[in-house]
Amino acid sequence: MKKILCRAITCALLTVATAPAFAAEAPSRTECIAPAKPGGGFDLTCKLLQVSLQQTKQITSPMRVTYMPGGVGAVAYNAIVAQRPAEAGTVVAFSGGSLLNLSQGKFGRYNVNDVKWLGAVGTDYGILAVRSDSPWTSLKEVMTAIKNDPNKVVVGAGASIGSQDWMKTALIAKAADVDPRKMRYVAFEGGGETVTALLGNHIQMMSGDMSEMVPHLQGGKLRVLAVLADQRLPGDLANIPTAKEQGYDVSWPIIRGFYLGPKVTDAEYQWWESAFKTMMASDEFKKQRDMRGLFEFNMTGPELDAYVKKQVAMYREQAKAFGLAK
């Protein structure tokens with residue numbers, strides 16, 4: 001009898017030990033931090049999540065979007081890791097630019113292992129754009145102008161030297177036999193400010209992301225000279241040439257996604273991962289993603305974690321080539 005009882009207790013303990021943890025309930029309050037000023041790619045990413053989660057009934061109360069500019073995500077990254085690490089309802093938007101800065105050690109004492117990478121909801125592509133009344137109608141024309149007189153063309157972007165927007169122009173410049181260090185480059189805090197500066201003719205060309213351009217293209221105020229994709233994009237964007245077809249072998253896809261604080265529990269993380277999977281499979285989400293000029297790139301959990309860490313390692317090697325990382 002004692003042996004039977006012991007076996008029963010052992011089985012019960014094993015069952016408890018091996019049973020999967022139950023996912024937590026939906027957070028009572030949700031927030032998406034866009035680590036830049038309103039109007040840029042981080043804002044767009046948060047708004048996509050805000051609308052899609054509610055449309056697919058993953059949350060019942062509207063998600064709050066807040067702005068925490070600084071260092072293309074550095075300020076937000078430090079705040080979440082150091083001050084708000086266990087907030088189960090708070091996600092932070094990131095992009096390929098965030099990962100590039102992580103690769104260069106620009107997020108201070110924290111690295112790629114210090115947050116929980118949650119989900120990627122789409123990919124974007126780099127672009128180079130001018131005003132619609134610009135004298136340059138092709139990438140070759142503007143790069144020739146820069147080569148002949150670097151002071152003639154002021155290039156602006158939503159981050160400092162070493163950022164992904166700078167890297168895009170540096171790679172194009174290198175392909176055009178132009179020294180990137182001789183370009184006139186002005187850094188802004190986010191894509192929204194850069195577009196405003198271009199429309200105001202304070203800069204002559206901008207490096208940015210296609211998703212930021214879609215509303216302005218519809219308004220006819222800007223002209224995209226090149227998209228940094230391997231092939232032309234579909235639909236209404238198919239008339240925009242790639243840099244590659246213009247003789248510059250450069251592509252720059254931009255992942256857009258979210259992470260959670262490092263002390264969010266596994267159960268809370270699982271709730272978010274499940275919500276993301278349900279949301280991304282829906283027609284509502286696909287419509288919202290397409291409206292914002294993003295292209296399909298769905299990835300969550302360990303797969304995303306591995307992808308992010310691989311990208312950071314690759315970016316570090318690219319940065320080294322320009323003397324921006326050790």
Trainee: Once the angle between the rings of Y259 and F94 is folded into 0 to 90°, is it parallel (under 30°), tilted (30 to 60°) or perpendicular (over 60°)?
Mentor: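 Taking F94 first and then Y259, their aromatic rings sit tilted (interplane angle of 30° to 60°).
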
Trainee: Thinking salt bridges, do D149 and R184 make one under a 4.0 Å N-O criterion?
Mentor: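 So D149 does not pair with R184 through a salt bridge.
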
Trainee: Please examine the side chains of M183 and P150, heavy atoms only from C-beta on, and report whether any two atoms are closer than 4.5 Å.
Mentor: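 Of all side-chain heavy-atom pairs linking M183 with P150, none is under 4.5 Å.
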
Trainee: Could you label the plane-to-plane angle of the F322 and W166 rings as parallel, tilted or perpendicular, counting under 30° as parallel and over 60° as perpendicular?
Mentor: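 Perpendicular: the ring planes of F322 and W166 meet at over 60°.
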
Trainee: Got a salt bridge between E268 and K116, using NZ or NE/NH1/NH2 to carboxylate O under 4.0 Å?
Mentor: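 Salt bridge flag = no for K116 with E268.
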
Trainee: Please check: side-chain N/O of D114 versus main-chain N/O of N111, any donor-acceptor pairing under 3.5 Å?
Mentor: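 Yes; at least one donor-acceptor contact below 3.5 Å.
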
Trainee: A side-chain contact here means heavy atoms from C-beta on lying under 4.5 Å apart; do V153 and V155 qualify?
Mentor: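 The answer is yes; the side chains approach within 4.5 Å.
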
Trainee: Just verifying a value: how many Å separate D133 CG and L222 CG, rounded to the nearest 0.5 Å?
Mentor: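 D133 CG to L222 CG: 10.0 Å, rounded to 0.5 Å.
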
Trainee: For G89 and P27, work out which heavy atoms get closest and say how close.
Mentor: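 Between these two residues, the closest heavy atoms are CA-CB, 3.7 Å.
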
Trainee: For residues V115 and Y307: do they belong to one hydrophobic cluster (side chain heavy atoms under 4.5 Å, members Ile, Leu, Val, Met, Phe, Trp, Tyr)?
Mentor: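 Yes, V115 connects to Y307 through the hydrophobic network.
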
Trainee: Starting at OG1 of T194, measure out to CZ of F188 and round the result to the nearest 0.5 Å.
Mentor: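 If we round to the nearest 0.5 Å, T194:OG1 and F188:CZ are 5.5 Å apart.
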
Trainee: Is any side-chain heavy atom of S98 closer than 4.5 Å to a side-chain heavy atom of F42?
Mentor: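 Of all side-chain heavy-atom pairs linking F42 with S98, at least one is under 4.5 Å.
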
Trainee: Is the backbone N or O of L139 less than 3.5 Å from a side-chain atom of Q246, with the two atoms forming a donor-acceptor pair by type?
Mentor: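 Present.
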
Trainee: Please check this pair: side chain of R232 against backbone of A238, looking for a donor-acceptor N/O pair closer than 3.5 Å.
Mentor: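 Yes, the answer is positive, given that a donor and an acceptor are paired below the 3.5 Å cut-off.
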
Trainee: If you take all heavy atoms of M210 and L237, which pair is closest and at what distance?
Mentor: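 Looking at all heavy atoms of both residues, the shortest contact is CG-CD1, 3.9 Å.
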
Trainee: Step by step, work out the side-chain contact (heavy atoms from CB on, under 4.5 Å) result for I240 and L233.
Mentor: CA-CA 8 Å; I240 299 172; L233 302 181; over 6 Å; no

Trainee: Is there a side-chain contact between L53 and W272 (heavy atoms, below 4.5 Å)?
Mentor: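 Counting from C-beta outward, L53 and W272 do come under 4.5 Å.
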
Trainee: To check you understand the geometry: which heavy-atom pair defines the closest contact between G126 and I254, and what is its length?
Mentor: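 Minimum heavy-atom separation between G126 and I254: N-CD1, 3.5 Å.
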
Trainee: Which heavy atom of I59 sits nearest to which heavy atom of W271, and what is that distance?
Mentor: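 Reported closest heavy-atom pair: CG2-CH2, 4.0 Å.
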
Trainee: Mind checking the CD1-CG spacing from I172 to L225? Nearest 0.5 Å is all I need.
Mentor: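 Here the rounded value is 10.5 Å.
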
Trainee: Can you hop from M167 to V178 via hydrophobic side chains spaced under 4.5 Å?
Mentor: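 In one cluster: yes.
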
Trainee: Should K168 and D165 count as an ion pair when the cut-off is N to O under 4.0 Å?
Mentor: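 Yes, charged N to carboxylate O under 4.0 Å.
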
Trainee: Take a 6.0 Å sphere around NZ of K37 and say whether it holds more than 12 heavy atoms from other residues, nucleotides or ligands.
Mentor: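 Open.
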
Trainee: Looking at OG1 of T278 and CE of M280, how far apart are the two atoms once the value is rounded to the nearest 0.5 Å?
Mentor: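 Result: 9.0 Å between the selected atoms.
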
Trainee: Does R181 have more than 12 heavy atoms from other residues, nucleotides or ligands lying within 6.0 Å of its CZ?
Mentor: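 No, the 6.0 Å shell around CZ holds no more than 12 heavy atoms from other groups.
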
Trainee: Is there a side-chain contact between S134 and Q204, using heavy atoms and a 4.5 Å cut-off?
Mentor: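 A side-chain contact under 4.5 Å is absent here.
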
Trainee: Is it true that, when you exclude K140 itself, more than 12 heavy atoms of the residues, nucleotides or ligands shown sit nearer than 6.0 Å to its NZ?
Mentor: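 It does not: K140 NZ has 12 such atoms or fewer within range.
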
Trainee: Within this structure, what is the CG-OH distance for the pair L102 and Y315, rounded to the nearest 0.5 Å?
Mentor: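 Nearest 0.5 Å value for the CG-OH distance: 11.5 Å.
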
Trainee: Following the transitive rule for hydrophobic clusters with a side-chain heavy-atom cut-off under 4.5 Å over Ile, Leu, Val, Met, Phe, Trp and Tyr, establish whether F295 and M279 coincide in one cluster.
Mentor: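 Each belongs to a different hydrophobic cluster.
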
Trainee: Quick one: CD on Q50 to OG1 on T30, what's the gap to the nearest 0.5 Å?
Mentor: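 Those atoms lie 8.5 Å apart.
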
Trainee: Answer yes or no: is there a side-chain heavy-atom contact under 4.5 Å between C32 and F258?
Mentor: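 C32 vs F258: side chains touch.
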
Trainee: Is there a side-chain contact between Q58 and F276 (heavy atoms, below 4.5 Å)?
Mentor: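 The answer is no; the side chains never approach within 4.5 Å.
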
Trainee: Would you mind checking if E317 and K320 are paired as a salt bridge, meaning a charged N to carboxylate O distance below 4.0 Å?
Mentor: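 Yes, K320 and E317 are salt-bridged.
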
Trainee: Under 3.5 Å, is there a donor on one side chain and an acceptor on the other for N113 and K309?
Mentor: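 Indeed, the side chains of N113 and K309 share at least one donor-acceptor pair under 3.5 Å.
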
Trainee: Looking only at side chains, do T66 and E31 share a donor and an acceptor under 3.5 Å apart?
Mentor: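 Short answer, yes.
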
Trainee: Are any non-hydrogen side-chain atoms of W136 and T144 less than 4.5 angstrom apart?
Mentor: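 The answer is no, as the side chains (C-beta and beyond) never meet within the 4.5 Å cut-off.
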
Trainee: Any luck finding a side-chain donor-acceptor pair between D43 and Y67 under 3.5 Å?
Mentor: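 D43 vs Y67: donor-acceptor pair found between side chains.
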
Trainee: Backbone N or O of G122 within a donor-acceptor pair of the R256 side chain at under 3.5 Å?
Mentor: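 Looks like no, no N/O pair under 3.5 Å.
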
Trainee: Would you say Q231 has more than 12 foreign heavy atoms packed within less than 6.0 Å of its CD?
Mentor: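 At most 12 heavy atoms, drawn from other residues, nucleotides or ligands, come within 6.0 Å of this atom.
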
Trainee: Step by step, work out the side-chain contact (heavy atoms from CB on, under 4.5 Å) result for L44 and L294.
Mentor: CA-CA 10 Å; L44 174 149; L294 294 178; 3.8 Å; yes

Trainee: Check step by step if side-chain contact (heavy atoms from CB on, under 4.5 Å) holds for E273 and K277.
Mentor: CA-CA 6 Å; E273 186 178 4; K277 287 179 177 178; 3.5 Å; yes

Trainee: Check the hydrophobic clustering (I, L, V, M, F, W, Y; side-chain heavy atoms under 4.5 Å; chains of links allowed) and say if V195 and L228 are grouped together.
Mentor: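 Different clusters.
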
Trainee: Verify side-chain contact (heavy atoms from CB on, under 4.5 Å) between K287 and Q55, making sure each step is shown before the conclusion.
Mentor: CA-CA 11 Å; K287 181 180 178 182; Q55 284 190 346; over 6 Å; no

Trainee: Let me know which of V264, V91, D305 forms a side chain to side chain contact (heavy atoms under 4.5 Å, CB included) with L118.
Mentor: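 By the side chain to side chain contact (heavy atoms under 4.5 Å, CB included) criterion, L118 pairs with just one of V264, V91, D305: V91.
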
Trainee: Would you indicate whether D290, at its atom CG, is surrounded by more than 12 heavy atoms from other residues, nucleotides or ligands within a distance under 6.0 Å?
Mentor: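 It does: D290 CG has more than 12 such atoms within range.
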
Trainee: For residues T45 and G41, report the shortest heavy-atom separation together with the two atoms involved.
Mentor: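 That closest heavy-atom pairing would be OG1-O, 2.7 Å.
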
Trainee: Is there a chain of hydrophobic side chains (I, L, V, M, F, W, Y, each step under 4.5 Å between heavy atoms) that links V81 to M68?
Mentor: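 As far as the 4.5 Å side-chain criterion goes, M68 and V81 are connected within one cluster.
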
Trainee: Considering all heavy atoms of both residues, which atom of V154 and which atom of I203 are nearest to each other, and what is their separation?
Mentor: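 Shortest heavy-atom contact: O-CB, 3.6 Å.
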
